[in-house]
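Read the structure below first, then the notes.
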There are 2 protein chains.
Amino acid sequence: MATTSARLQAGSRPGGRSARVRAAVHRAVQELLTDEGAEPLTIPVVAARAGVHATTVYRRWGSVGDLLADVTTSRFSGDIVVPDTGSLRGDLERYACDLAKDLSDPDTLALVRATIGTGGEQGAAACRGERQQQLEAMLDRERARGNEPPSLERTTDAVLAPLYYRAVFTDQPLTPEWARTLISTLLPA
Amino acid sequence: MATTSARLQAGSRPGGRSARVRAAVHRAVQELLTDEGAEPLTIPVVAARAGVHATTVYRRWGSVGDLLADVTTSRFSGDIVVPDTGSLRGDLERYACDLAKDLSDPDTLALVRATIGTGGEQGAAACRGERQQQLEAMLDRERARGNEPPSLERTTDAVLAPLYYRAVFTDQPLTPEWARTLISTLLPA
DNA sequence: TTTTTAGTGCAGTGATCGCTGCGTTTGTGC
DNA sequence: GCACAAACGCAGCGATCACTGCACTAAAAA
């Protein structure tokens, strides 16, 4: 796996056909991960599914790990808007429910697992996404209200970690009720 | 990936050479996962590293997913003994520190990530290991003392989830001090 | 010990993989 | 609209993969 990601750089050409190819490849990866076990998720398979030549995928992404990290990053960018309900409790409850719903999607779950497996540290970063900044934004807003919220570390441990752990490692459902109990534990009445 | 795992069944022959082959293959998987990126972790590569013919690996495990699940299960079986310090707080702190040390090992982390990625639900179960039962044992003992401990679900969310999340998804260190704070949060003074 | 048979080694097959020149298409700046 | 270069399609190369009969070794039972 190359260290260079597939970000757009100077002299690139992100519009038109390139964008179509990129979208088709991303969709193919998701489809192949969903009907799991059918195909071994290799570059020629992805390319065939996307109706694109394998050469293109090799040149743009280089390896399956980079491709997965790119798909995950794109999947998790802007998927959740930081809520603004007026209270930290409301914000976190809303956020936790949104994230629970997101991680409940079998497609997303399969994507996360595959990215963790083949993407290494870069893949892990893609799976984290912008969660940390989003949490920080809600905590900052609470501080702006003059209150003293729990630390980012504590919030991560109490909210993010259980959501990700339950989704990735167990087969228990991520219900909104359960997600809300995480907030109740973090912010006692 | 076949649904049949590599458990020992009636008419099996687990001793002598078979055991040696199994150990060599397990060691080869760990080594290949550790010098990550070098080899693509495929069955012929594992077999060559183990000094075993690929045919054997194909027949005993069938797929890389099954092989990884088997290695992880074996790695996590009996790695932590449930502590008995006399108090739930002491038990959990000891347990959390042990688990933190376990997950801090780069070999173990790479194994967990790879198993999650290729092992599907079966791989996830292997990564969970016997954590749930171990937690339950400590909670049961506390109940036998006449106290009312937190629920298994709450303990999982507060202890197991942060440890696994931090190890797998972030690059922050799993220090014993941090692990102990998890217990302090779960069991307020 | 002898017998049995699960487990392993060996050689070979078709299919696929990762990759590379080379020519063509097509966004993008002039 | 024109020229340029980035991105793509194409054909094909060596290497590897997943898998399969057949023969052999050695662990376990008689």
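For clarity, every value in this text was computed on a predicted model and none was experimentally measured. Sequence lines set the chain letters: A, B, ... in the order given, protein chains first and strands last, and positions in each chain run from 1.
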Distance below 4.0 Å between Ser18(B) side-chain N/O and dT8(C) OP1 or OP2:
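Yes, such a contact exists.
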Between Arg60(A) and dC8(D), is there a side-chain N or O to OP1/OP2 distance below 4.0 Å?
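Answer yes for this pair, as a side-chain N or O of Arg60(A) is under 4.0 Å from OP1 or OP2.
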Where do Arg22(A) and Ser74(A) come nearest, in terms of heavy atoms and distance?
NH2-CB, 4.1 Å
Among all residues two or more places apart in sequence or in another chain, which pass the side-chain contact (heavy atoms from CB on, under 4.5 Å) test with Glu142(A)?
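side-chain contact (heavy atoms from CB on, under 4.5 Å) list for Glu142(A), sorted by chain: Leu88(A), Arg145(A), Asn147(A), Pro149(A).
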May I have the distance from His53(A) (atom NE2) to dG9(D) (atom P), rounded to whole angstrom?
7 Å
In whole angstroms, the gap separating P of dA6(C) from CZ of Arg22(B) amounts to 19 Å
For residues 153-162 of chain B, which side-chain N or O atoms pair as donor and acceptor with protein atoms under 3.5 Å away, sequence neighbours left out?
from	atom 1	to	atom 2	distance (Å)
Glu153(B)	OE1	Arg166(A)	NH2	3.4
Thr155(B)	OG1	Ser151(B)	O	2.7
Thr156(B)	OG1	Gln132(B)	NE2	3.2
Thr156(B)	OG1	Leu152(B)	O	2.8
Asp157(B)	OD2	Trp178(A)	NE1	3.0

Sorted by chain and residue number, the ring-ring contact (aromatic ring centres under 6.0 Å, His included) partners of Tyr165(B) (sequence neighbours excluded) come out as Tyr164(A), Phe169(B)
For Arg131(A), look at atom CZ and say whether over 12 heavy atoms of other residues, nucleotides or ligands are found less than 6.0 Å away.
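For Arg131(A), atom CZ is crowded (more than 12 foreign heavy atoms under 6.0 Å).
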Note the angle between the end axes of the helix from dT1(C)-dA30(D) to dC30(C)-dG1(D), five pairs defining each, rounded to 10 degrees.
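The angle, to the nearest 10 degrees, is 50°.
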For His53(B) and Arg59(B), what are the C-alpha separation, side-chain angles and deciding distance, and is it a side-chain contact (heavy atoms from CB on, under 4.5 Å)?
CA-CA 10 Å; His53(B) 265 74; Arg59(B) 283 205 253 262; over 6 Å; no
What do the steps show when you test Val112(B) against Phe76(B) for side-chain contact (heavy atoms from CB on, under 4.5 Å), and what is the final call?
CA-CA 10 Å; Val112(B) 167; Phe76(B) 278 167; 3.7 Å; yes
Which nucleotides of nucleotides 12-20 of chain D have their base under 4.0 Å from a protein heavy atom (B), which only their sugar-phosphate (S), and which neither (-), written as one string 5' to 3'?
-----SBBB
Salt bridge (charged side-chain N to carboxylate O under 4.0 Å, His left out) involving Arg75(B) - partner list, sequence neighbours excluded
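With sequence neighbours excluded, Arg75(B) shows a salt bridge (charged side-chain N to carboxylate O under 4.0 Å, His left out) to Asp102(B), Asp105(B), given in chain and number order.
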